[in-house]
Amino acid sequence: MDIEQNQAELIDNFVKQASAQKGTALGSVILEATSHPSLFAFSEILAVPTVAELEGTENSVYLKVLQLFAHGTWSDYRSNCSSLPQLVPDQVLKLKQLTVLTLAETNKVLPYDELMMELDVMNVRELEDFLINECMYAGIVRGKLDQLRRCFEIQFAAGRDLRPGQLGSMIQTLSNWLGTSDNLLVSIQEKIKWADTMSELDKKHRKEVEARVEEVKKSVSVKLQTVSRPKLSSEGSRISTLNLVE
Amino acid sequence: MASSSSSGLTFKLHPLVIVNISDHYTRVKSQLNPPPLTSTSATVNGVENQQQAPRVYGCVIGVQRGRTVEIFNSFELLYDPSTHSLDRPFLKKKQELYKKVFPHFYILGWYSTGSDAQESDMHIHRALMDINESPLYVLLNPAINPTQKDLPVTIYESELHVIDGIPQLIFVRSSYTIETVEAERISVDHVAHLKPSDGGSAATQLAAHLTGIHSAIKMLNSRIRVLHHYLVGMQKGDIPCENSLLRQVSSLLRRLPAIESEKFQDDFLMEYNDTLLITYLAMFTNCSSTMNELVDKFNTAYDRHSRRGGRTAFI
């Protein structure tokens with residue numbers, strides 16, 4: 001969440017710059033925005049009317065670059081290399097970071113092979129360096145690198161700009177979450193009731209048993225008194241007292 | 001007594017002070033009325049108790065930084081009913097001792113217990129005005145009211161109001177916030193989770209534990225519902241899209257499901273099975289020992305070999 005705070009100022013800045021200029025000058029603003037090391041959110045800039053006007057003009061490449069950075073990945077760039085202008089190294093780095101964020105959207109565990117393919121990196125060492133230096137230290141991703149199983153477990157990844165269709169799926173996920181937690185609450189309440197009823201039953205049972213024991217004791221003591229046994233051996237009286245005491 | 005303060009000071013109260021005051025009151029009260037021995041004397045004492053709720057007095061100390069007054073600690077004082085004032089030499093001595101340990105703390109005021117501030121309290125208040133020109137009066141209401149949701153603690157300040165042409169000092173209530181240090185938070189949390197000592201039966205412990213979990217999940221549920229409404233509103237267009245929030249929500253949703261790997265399932269099921277097995281084993285042991293006792297008793301009752309007669313009916 002602090003990423004959003006860090007970006008808020010930058011976003012305001014760039015939006016102001018973008019709305020102040022037009023046409024070709026916007027190109028340089030977009031270039032600056034996409035190479036800035038701490039800026040990962042571009043949908044606000046995309047929403048500025050002067051930027052939207054670039055569509056269809058000869059500067060529409062800049063718009064396409066901005067859209068690529070907002071929603072696309074490194075492989076998108078490579079496949080459309082011809083229609084897009086050359087990217088400076090800063091932009092390349094940023095696009096790769098954004099690629100990692102996109103991959104994190106689908107899986108929580110990313111295998112090294114997939115990452116190496118997406119990011120165009122040849123060996124594990126370079127990949128890990130990239131992940132550690134560019135992604136984790138920048139704060140956009142938090143996770144664990146598992147070298148034995150060659151995968152990257154992601155615990156937290158910053159959000160990318162939303163594609164228009166993603167809002168629907170987010171709402172779906174949220175409603176599923178709500179449904180699950182509602183069910184859980186209901187089942188917890190049932191368990192609590194069950195525990196209470198079981199303890200009630202147990203107490204009743206105990207009381208019943210004790211009441212019966214009391215009855216039996218009384219009846220036995222009555223019997224002993226009424227039944228006169230002149231030849232009660234000492235053992236017998238000891239045993240009968242034992243029984244009563246039990 | 002007026003009901004709102006206009007001095008503009010913000011008060012921060014630490015839970016330690018509240019615990020101290022209630023502890024002082026409880027001690028004095030229980031020392032004054034020892035627990036009754038028989039039920040008849042209980043009713044007599046009960047009637048007396050209602051009338052004799054003792055008032056305890058003490059001093060509160062803390063720090064004042066600018067417009068913020070933070071009350072950290074408190075100590076007890078003796079009240080001299082004959083002179084209607086607090087014990088001054090004792091106060092001075094305590095003040096020096098506390099100064100040595102906490103050099104930054106000043107005497108900010110005094111506390112007492114009761115349901116409302118009274119006229120006689122003004123005397124004490126005025127007496128303290130030579131230490132602090134505007135002392136605070138912290139009042140704790142020891143009556144237990146299960147329907148009340150707020151803390152029964154009020155902080156009063158003194159203000160000079162003109163009433164009937166005569167400027168008089170009266171108490172005005174001020175609002176305060178509770179401020180905790182980590183140690184205080186832990187102890188308050190601990191006290192809040194105290195279970196009654198005879199609630200040792202497994203069912204009540206289980207019910208209490210489950211109730212805790214239930215309330216925690218309910219809170220989470222309500223927060224997620226708020227997010228859900230917000231997103232639905234955004235989709236319908238009632239609320240303007242705010243991208244930064246959307247990004248944060250999407251990163252949050254990506255943390256679900258929290259744990260799903262196969263290894264977790266295996267470990268979880270193993271631990272579950274272990275617990276069940278141990279419970280089963282304990283039940284077995286219990287049953288077999290009860291059986292053993294039963295057999296012993298039976299043998300003792302119906303022992304044929306050694307003696308004749310002396311056989312009583314043991315049901």
Side-chain angles (χ1 to χ4, degrees), chain A residues 1 3-4 7-8 11 40-41 43-44 47 101 104-105 108-109 154-162 166-168 170-171 173-175 177-178 181-182 184-185 188-189 191-192 195-196 198-200 202-203 216 219-220 223-224 227 229 231-240 242-243 246, chain B residues 201-218 220-222 224-232 234-235 241-261 293 296-297 300-303 306-315:
Chain A
M1 307 306 136
I3 309 175
E4 292 297 330
Q7 292 187 100
I11 294 177
F40 296 100
S43 32
E44 281 94 346
L101 284 183
E105 271 176 35
K108 283 188 79 169
V109 176
I154 300 183
Q155 284 154 1
F156 161 77
R160 274 197 82 173
D161 297 311
L162 285 182
Q166 276 180 307
L167 188 56
M170 283 204 325
I171 295 181
T173 317
L174 270 180
S175 31
W177 196 355
L178 274 180
S181 63
D182 282 332
L184 188 59
L185 282 177
I188 289 182
Q189 262 173 332
K191 272 272 178 298
I192 296 177
D196 283 335
M198 288 311 272
S199 83
E200 285 299 310
D202 191 51
K203 272 191 216 142
V216 167
S219 71
V220 168
K223 256 194 203 163
L224 267 186
V227 170
R229 290 165 86 84
K231 275 196 94 171
L232 208 57
S233 69
S234 61
E235 296 269 8
S237 54
R238 186 175 59 84
I239 290 169
S240 58
L242 259 179
N243 290 345
E246 278 161 6
Chain B
S201 89
T204 44
Q205 280 182 348
L206 176 65
H209 183 240
L210 283 179
T211 320
I213 297 185
H214 179 89
S215 45
I217 298 185
K218 208 158 116 178
L220 177 66
N221 201 359
S222 62
I224 299 175
R225 192 158 287 148
V226 166
L227 272 182
H228 181 80
H229 273 186
Y230 183 68
L231 284 191
V232 165
M234 215 187 260
Q235 192 183 43
C241 276
E242 201 181 316
N243 285 304
S244 120
L245 271 171
L246 282 177
R247 281 194 289 273
Q248 285 181 20
V249 172
S250 80
S251 97
L252 174 69
L253 288 179
R254 249 173 269 151
R255 297 188 77 160
L256 298 176
I259 304 183
E260 205 183 70
S261 71
E293 275 178 32
D296 281 340
K297 289 182 196 174
T300 323
Y302 290 98
D303 203 351
S306 52
R307 57 201 134 265
R308 45 181 68 250
R311 206 176 84 185
T312 54
F314 180 68
I315 302 169

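This structure is a prediction, so every number in the text was calculated from the model and none was measured. In the text below, chain A, chain B and the rest are named by the order of the sequence lines, each starting its count at 1.
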Practice task
Heavy atoms only, distances under 4.5 angstrom: which of B:N221, B:V249, B:L231 has the most pairs with chain A? Name it, please.
Solution key: B:N221
Problem - Under 4.5 Å from any heavy atom of chain B - which part of A:M170 - result: both
Exercise for the section: Could you grab the distance from atom CG of A:D196 to atom CG of B:L210, nearest 0.5 Å is fine? Expected result: 9.5 Å
Handout entry: Sub-4.5 Å side-chain heavy-atom contact between A:I188 and B:K218
Key = no
Exercise for the section: Specify the closest pair of heavy atoms between A:I171 and B:Q235, including all atoms of both residues, with the distance to one decimal. Expected result: CD1-OE1, 3.5 Å
Completion exercise
In this structure, CG of A:L174 is separated from CD1 of B:I224 (nearest 0.5 Å) by 7.0 Å
Completion exercise
Correct closest heavy-atom pair for A:L178 and B:R225 would be CD2-N, 3.8 Å
Exercise for the section: Below 4.5 Å from any heavy atom of chain B, which atoms of A:L184 appear? Answer side chain, backbone, both or neither. Expected result: side chain
Practice task
Any chance you could measure B:T211, atom OG1, to A:K191, atom NZ, to the nearest 0.5 Å?
Solution key: 14.0 Å
Fill in the blank from the handout: Rounded to the nearest 0.5 Å, the CG atom of B:L227 sits from the CH2 atom of A:W177 at a distance of 8.0 Å
Handout entry: A:A157 portion near chain B, given a 4.5 angstrom heavy-atom threshold
Key = both
Problem - A:D202 portion near chain B, given a 4.5 angstrom heavy-atom threshold - result: neither
Completion exercise
Here the gap from B:L246 atom CG to A:L167 atom CG, rounded to the nearest 0.5 Å, amounts to 6.0 Å
